[in-house]
*Asks:* 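Quick one: the structure is below, and I'll ask about it shortly.
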Amino acid sequence: MRYVGKWIFHSIGMIDDDSCEMVYLSAEEYLKAPMPYVDESDEEAVADELKERKQMIGGQIAVCEDGKLYMLMPLPEGVSREEVDKAVEAGIIKLYDGMMADEPRVWEERDGELWLEVGEGMSEDGWVKASDGEGFLLFMTTRYVKAE
């Protein structure tokens with residue numbers, strides 16, 4: 001598989017209360033899923049959680065030829081271009097391909113699988129396998145699929 005390119009949200013893993021196993025929810029299912037850590041009678045808390053979930057669904061991964069991998073998040077709703085430019089200028093956020101980006105991570109291919117450098121203490125050698133054998137990139141509990 002060729003990993004270089006843009007990867008978009010596919011699904012997010014949550015523990016099923018009945019089976020205690022990981023189940024993956026599509027974007028639509030995730031938006032409708034219960035919010036166990038939110039007081040669902042608090043409209044503001046629910047709105048904040050939905051906003052966070054929409055950010056997660058809008059997330060992407062850019063895997064670049066130069067061995068860099070960028071985790072990308074959409075710009076927050078209601079933020080003007082001027083505000084974005086000021087935040088970039090002040091070093092508050094970084095942009096990559098029109099989206100907010102963390103510092104790039106290093107990736108490499110090993111035996112046909114994508115491995116991601118996560119740093120010392122995160123694994124035995126500081127690397128984790130990010131491809132899952134089913135055609136997805138897996139970052140924590142979120143699966144991404146290669147964009148067409």
*Asks:* Would Arg110 and Glu108 pass as an ion pair if we require N to O under 4.0 Å?
*Replies:* yes

*Asks:* Between Leu114 and Ser131, what is the shortest heavy-atom contact and its length?
*Replies:*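 Looking at all heavy atoms of both residues, the closest pair is N-OG, 3.0 Å.
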
*Asks:* Quick test of your reading of the model: are Lys129 and Glu113 salt-bridged, counting only N-O distances below 4.0 Å?
*Replies:* yes

*Asks:* Let me check something: do Val4 and Leu137 share a hydrophobic cluster, defined by ILVMFWY side-chain heavy atoms less than 4.5 Å apart, either directly or through other members?
*Replies:*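 Yes, it is one cluster - the side chains of Val4 and Leu137 are joined through contacts under 4.5 Å.
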
*Asks:* Taking the side chain as every heavy atom from C-beta outward, state whether Asp85 and Glu82 have any atom pair closer than 4.5 Å.
*Replies:*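 They are not in contact (no side-chain heavy atoms under 4.5 Å apart), so the answer is no.
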
*Asks:* Just how far is it from atom CE of Met100 to atom CD1 of Ile92, taken to the nearest 0.5 Å?
*Replies:* 12.0 Å

*Asks:* Identify the heavy atoms of Met71 and Tyr144 that sit nearest to each other, and give their distance.
*Replies:* CE-OH, 4.1 Å

*Asks:* Regarding Glu103 and Lys94, does a basic nitrogen lie under 4.0 Å from an acidic carboxylate oxygen?
*Replies:*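 Yes, Glu103 and Lys94 are salt-bridged.
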
*Asks:* Give the C-alpha distance, both sets of side-chain angles, the deciding distance and a yes or no for salt bridge (charged side-chain N to carboxylate O under 4.0 Å, His left out) between Glu109 and Arg2.
*Replies:* CA-CA 10 Å; Glu109 192 169 335; Arg2 180 157 165 78; over 6 Å; no

*Asks:* Is any side-chain heavy atom of Leu69 less than 4.5 Å from a side-chain heavy atom of Val106?
*Replies:* no

*Asks:* For the side chain of Glu117 and the backbone of Gly126, is there at least one donor-acceptor N/O pair under 3.5 Å apart?
*Replies:* no

*Asks:* Taking the side chain as everything from C-beta on, heavy atoms only, tell me whether Thr141 gets closer than 4.5 Å to Met22.
*Replies:* yes

*Asks:* Enter the distance from Leu75:CG to Glu83:CD here, rounded to the nearest 0.5 Å.
*Replies:* 10.5 Å

*Asks:* Report yes if the side chains of Asp125 and Trp127 come closer than 4.5 Å at any heavy-atom pair, otherwise no.
*Replies:* yes

*Asks:* For the residue pair Ile61 and Tyr70, establish whether any side-chain heavy-atom pair is separated by less than 4.5 Å.
*Replies:* no

*Asks:* Do any N or O atoms from the side chain of Ser19 and from the backbone of Glu21 form a donor-acceptor pair under 3.5 angstrom?
*Replies:* yes

*Asks:* With a 4.5 Å cut-off on side-chain heavy atoms, are Val46 and Leu50 touching?
*Replies:* yes

*Asks:* Work out which heavy atom in Gly5 is nearest to a heavy atom in Lys146; give both atom names and the distance.
*Replies:*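 Shortest heavy-atom separation between Gly5 and Lys146 comes out as CA-CE, 4.2 Å.
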
*Asks:* Are the side chains of Phe136 and His10 in contact, using a 4.5 Å heavy-atom criterion?
*Replies:*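 They are in side-chain contact.
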
*Asks:* Examine distances only and state if a side-chain atom of Lys54 and a backbone atom of Glu77 form a donor-acceptor pair shorter than 3.5 Å.
*Replies:*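 Not confirmed, Lys54 side chain does not pair with Glu77 backbone.
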
*Asks:* Tell me if a side-chain donor or acceptor on Arg143 pairs with a main-chain N or O of Gly13 at a distance below 3.5 Å.
*Replies:* no

*Asks:* Write down the atom of Leu25, the atom of Ala33, and the distance for their closest heavy-atom approach.
*Replies:*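 Nearest heavy atoms, Leu25 then Ala33: CD1-CB, 3.9 Å.
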
*Asks:* Do Ser11 side-chain atoms and Ser26 backbone N/O form a donor-acceptor pair below 3.5 Å?
*Replies:*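 No.
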
*Asks:* Membership question, hydrophobic clusters at under 4.5 Å side-chain separation (ILVMFWY): are Leu116 and Met140 in the same one?
*Replies:*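 Met140 and Leu116: one cluster.
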
*Asks:* Between Phe9 and Thr142, is any pair of side-chain heavy atoms under 4.5 Å apart?
*Replies:* yes

*Asks:* Which pair of non-hydrogen atoms, one from Met99 and one from Pro74, has the smallest distance, and what is that distance?
*Replies:* CE-N, 3.4 Å

*Asks:* Please report the closest heavy-atom contact between Gln55 and Met73, naming both atoms and the distance.
*Replies:*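 Between these two residues, the closest heavy atoms are O-CE, 3.0 Å.
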
